[in-house]
Every structure is written in C-alpha cells, then in structure tokens.
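See structure below.
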Number of protein chains: 2
Amino acid sequence: MRILIVEDDADLARQLKSAFKDAGYAVDVAKDGEEGHFLGDTEPYDAVILDLGLPLIDGVSVLQKWRADGKKFPVLILTARDQWSEKVAGFDAGADDYLTKPFHVEELMARLRALLRRAAGHTTDTIELGDLMVDNRAARAFVDGMAIKLTSHEFRLLSYMAAHKGRVISRTELVEHIYDQDFDRDSNTIEVFVGRLRKKIGTERIETVRGLGYRLLDPDMESSD
Amino acid sequence: MRILIVEDDADLARQLKSAFKDAGYAVDVAKDGEEGHFLGDTEPYDAVILDLGLPLIDGVSVLQKWRADGKKFPVLILTARDQWSEKVAGFDAGADDYLTKPFHVEELMARLRALLRRAAGHTTDTIELGDLMVDNRAARAFVDGMAIKLTSHEFRLLSYMAAHKGRVISRTELVEHIYDQDFDRDSNTIEVFVGRLRKKIGTERIETVRGLGYRLLDPDMESSD
DNA sequence: GCATATGTTCAGAAACCGTTCAGGGGCCGA
DNA sequence: TCGGCCCCTGAACGGTTTCTGAACATATGC
C-alpha cells in the first residue's frame, strides 16, 4: 500500500514516514500544498494524510481540487486543536476522517488501516483466498493454517494483490504501490518477488497474464469468469 | 502497559503514580479534566483511572468525549462516597469499573489488572507461553517454574508483548506503551531491551520480523512454520 | 524456430538488527 | 550527605538478511 503524507512540519513528517514505513507502507512526503497537490494528482496513492495548515496552497483547497479531478483515494486530514471550522470545511471538501493535532502515531495508523479497509470493501484485517489467508494487521500470511515467512516486500506484494484478488494487476501498478517515488522501473524486481512469493504460497496461486500482469486467484470465485 | 491517571488531588496522584510505577507500569498523570481529556485523546493508553470530581471539565464529560471519539481503553472511575448519581452517570458514559474513595491502593491495582486482563482477553493475571509464564500481578516472570530477574523496563516489554502474543509489534508501538510521555524516539533502546530479554527468557522466544518489528511466539499456537 | 515475455539464479550493495560498552542518573544504604 | 550500585540510554561497530539489477534460462505465441 502506498500513501502520501502532506505535512509541512519536517519533524512530524519524518516521524510519520518512518512509522508508516515500519508498518509496511510505501510512503511519499510533500512539504507544501503545491507539491502535495501535484503528487496526489499524478501518483496512484491508496490513501492520503493531509495537514490542513500548509504553505502555498491550504489543505482544504488541495482536497477540493483532487475531488474535482475525480480522485477517489481516502483522505485523512490533520487539524490543529480547536480548528473546528477547518475540520468542517475539510469534511465538506471530501475528507474521510480527521485527527486533531497533536495525536498519537498509533491512532493515526489504526484510522488509516480502517480507511484502507473501507476503501477495499472489506470489514476485517484479514483476507481469505481458499486456504490462503492474509492478515494485514499482523503482517502475516497462512497457507492451510500454517504461517509462512515473508519478507516485508514479499508481504506488501501479497497484501496488495490480495486486496485486489481476481483482478489482473500490471507490473507497473505493482511497482507503483509497493515502492515510493524514486525507484528505477527498469528492473525485474517484480518478477523476482513474484517468483519468491510463488515458491512460498504455491506456484499456481498467482496466474501470469502474458503482456498484462499477474492475477491472484481466488478459488471461491472461479468457475465463472 | 501504559496508563493515565486523572486526579486533581496532588498527594493522591503522586502516591498512585509511584505505586503503579513500582508495579511496572508506565504512568502519566493529568491534574484536571482538560489535560486529562487531551492526553487520553492523543496518547495510546492501555487503561485510564479517572477521578470524577475534577477542575475545568468534570470526569463524566471527559469520559463521554473520549467514547464519542471512539476511544476504547478501559476506564476505572473514582468517586467520592455516596455520589451515587455520579457513579451511574459514569457507567452510562462508558466506564468499566469504579471505586469509591477512600480506597486501598492495592484494591485499585487489582481492579485495574482485571480491566487490563479483560481487554486482552484473558481471565487471569498470568499469561503462559509454553514454559514461560508472565505474572502481571507480581510483576515477575518464570521460565520452567524458575523466577527470572527482570528490570522494570524489561518486564514492561515482556508484559506488553505477552498481552499481544503472536502479533507483530512494531518498535514504535513498543516505545509508545513502555515509556511515558517524554521520550526521544531516535534511539535503539528497544533493540537493547529485546536483546537483554532474549538472554533471559531464551533467544528463540522472540522472533524478529525484519522491517516490521518483533513477535512473541506462543508455542501452543505455532503448530506450523 | 524466432522473438519477445517471463522465470531463475546469483552476487554485490544496502538496510536492518544485535551486541557491546561507556557515561550518566537515580536509588539505597551507610 | 556521600558513595556505590544498578539500570537506562545512546552510539559505534559488525554480522546477517533482504533487496536489487543483471545475466542467463525457459516459456509462449506468432
């Protein structure tokens, strides 16, 4: 999962980035409203954390522009204490949740997880595909009830594919959601990771769709198609 | 485990803080309703002790606000003798237990332990993981029936991990529940403590999940792997 | 069977984690 | 009040895992 943090306080931004990276997200940071708006417009984020008090363009305006452009990603806004009017404006502009500063990182993470879950149309932190189970909260996966050991990138890959099970996902899309901005796309890391994942969860679970990408099969939904 | 005490009587607050610290908790104290509400809103406590008679904002209102904001931590309220109506209001507002003043510190500790137990889904004060036993009541741990000597931070670490056994816990989360408010997060103290703990309870009991955090293994649940 | 797309293997690099240790602070006993 | 002891902190260093990118191998479709 890839998220964008728009926050001008450099310390806070760094802290958040590190915490979310620890939790297995790919994280980009924008330091002002303009950069934030640009990134959100051009990169495919799964969720955005948006501070409302920003240099250049204020948060509410950024959010309005995104929504006007048809951007659907969930947005969690950060407001200063007692900025009640801003908070309301934020919701009107299309925010999905808010948190008042100062807040606790853990709470922010929990809320973001909830947003991502809602966005993916799930009600729990776990996704099941036949006898494969992906637990996003514990960052663990099970095959037939047995835990399998995954590295953090392997898990990100699996987690993203599980959130979009049954759909063909292009290499580009995977790269974009697993890595943050600066990454050299001319490499075959995705193939490598898919290979490693297959070795661990069973080759047949990930179908290759030549020329398009990969698909994580959901045994409960096959037959039709 | 990290708790918040909201109590305006300075003497009592100090006494409680010291008692709970001795028992191995990380403790924050708030002196009035406003500060209490703010802390509870922003820090991830495992439980809260809340006096109902408070300056600035009364206890019941504080509690109501927390619950309205979706805070789930267990709350134990302290009431003056014969304030029956307050007590009822407290329960309606979402309290989990109460104690009337004056009380014995020991009873308060016992009730708080019970709340923490329930929150973690246990029925006793001790948690067992194979031949490792964590006794939250006595703040001690045993391996194979033999007591092991743990420093207070070592015990906090173990206790928190035991309450969430089997789950991956990030460094960030550990820091937040083991320390009280002021702590510089850019250090490797967690690694150091994990190292020391491992030396005492056995290296293999704490699994490192690279890039994510640590997991306390429960031999009764591993079956696989 | 050729060309292109995908899979596999591997080694160097980078990130991450464990260990050790010294300095400092707090607590306790003298 | 002073000294000693224990514990905590933060930094440095070294080992290990994981990631990356490339080279080579195999599969697929034309």
Side-chain angles (χ1 to χ4, degrees), chain A residues 17-27 139 148-158 161 168-175 177-216, chain B residues 14 17-19 21-22 24-27 139 148-158 161 168-172 174-175 178-215:
Chain A
K17 176 165 186 172
S18 123
F20 277 96
K21 281 211 153 181
D22 282 357
Y25 296 86
V27 183
I148 49 180
K149 240 184 137 180
L150 297 175
T151 69
S152 72
H153 277 55
E154 286 164 6
F155 184 78
R156 275 191 223 176
L157 182 66
L158 177 59
M161 294 185 86
V168 176
I169 306 172
S170 72
R171 238 168 295 276
T172 313
E173 185 177 347
L174 287 175
V175 167
H177 285 273
I178 287 169
Y179 295 98
D180 31 13
Q181 265 188 293
D182 354 284
F183 181 74
D184 179 7
R185 278 89 195 268
D186 286 355
S187 152
N188 66 341
T189 41
I190 294 296
E191 279 94 334
V192 174
F193 281 121
V194 168
R196 292 213 261 257
L197 245 189
R198 278 182 170 147
K199 212 172 262 170
K200 293 184 179 181
I201 67 172
T203 310
E204 72 294 343
R205 282 207 166 76
I206 301 177
E207 182 189 2
T208 300
V209 184
R210 193 155 243 263
L212 293 176
Y214 300 97
R215 171 172 20 206
L216 188 61
Chain B
R14 195 159 27 76
K17 176 166 185 171
S18 123
K21 280 214 153 178
D22 285 353
Y25 297 86
V27 183
I148 47 179
K149 228 182 142 186
L150 296 176
T151 70
S152 82
H153 279 61
E154 286 164 6
F155 181 77
R156 280 187 215 172
L157 181 66
L158 177 59
M161 293 186 87
V168 176
I169 307 174
S170 73
R171 245 165 286 276
T172 312
L174 286 174
V175 166
I178 287 172
Y179 292 96
D180 30 30
Q181 272 187 287
D182 348 283
F183 181 73
D184 178 8
R185 280 88 195 270
D186 283 356
S187 152
N188 68 340
T189 41
I190 294 297
E191 279 95 332
V192 175
F193 281 121
V194 168
R196 293 212 260 260
L197 243 190
R198 278 183 171 145
K199 216 171 258 170
K200 294 184 179 180
I201 67 171
T203 310
E204 71 294 343
R205 283 207 167 78
I206 301 178
E207 182 190 0
T208 299
V209 184
R210 194 158 244 261
L212 293 177
Y214 298 97
R215 172 192 299 137

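The chains referred to below are lettered A, B, ... by the order of the sequence lines, with proteins before strands, and numbering in each begins at 1.
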Whole-Å gap separating C1' (D:dT18) and CG (B:Leu212): 12 Å
From D:dC19, C:dG18, D:dC8, nucleotide with atom closest to A:Thr151 side chain: D:dC19
A:Ser152 vs B:His153, nearer the 5' end of DNA chain D by closest nucleotide: B:His153
Position toward the 5' end of DNA chain C (nearest nucleotide), B:Arg196 or A:Arg196: A:Arg196
Nearest-Å distance for atom pair CG/C1', residues A:Leu197 and D:dT18: 14 Å
Can you tabulate the close N/O pairs, meaning under 3.5 Å, that link protein atoms to atoms of nucleotides 23-27 of chain D?
residue : atom : partner  : partner atom : Å
D:dA23  : N6   : A:Asn188 : ND2          : 3.3

Touch class at under 4.0 angstrom, heavy-atom based, for A:Arg171 against every strand present: sugar-phosphate
Touch class at under 4.0 angstrom, heavy-atom based, for A:Lys199 against every strand present: sugar-phosphate
Rounded interatomic separation in angstrom, taking CZ from B:Arg198 and C1' from C:dG18: 8 Å
Closest to the A:Val192 side chain, choosing from D:dG10, D:dA22, D:dC19: D:dA22
Atom-pair distance (CD1 on B:Ile178; P on D:dC7), nearest Å: 17 Å
Touch class at under 4.0 angstrom, heavy-atom based, for B:Val194 against every strand present: nothing
Geometric class of the B:His153/B:Phe193 ring pair [parallel <30°, tilted 30-60°, perpendicular >60°]: parallel
Nucleotide D:dT28, atom C1' - distance to CD of A:Glu207 in whole Å: 14 Å
Reported CD-to-NZ distance for the pair B:Glu207 and A:Lys149, which is rounded to 0.5 angstrom: 6.0 Å
Distance, rounded to the nearest Å, where A:Phe193 contributes CZ and C:dT9 contributes C1': 15 Å
Contact under 4.0 Å: A:Thr208 side-chain N or O vs C:dG7 OP1/OP2: yes
Atom-pair distance (OH on A:Tyr214; P on C:dT6), nearest Å: 6 Å
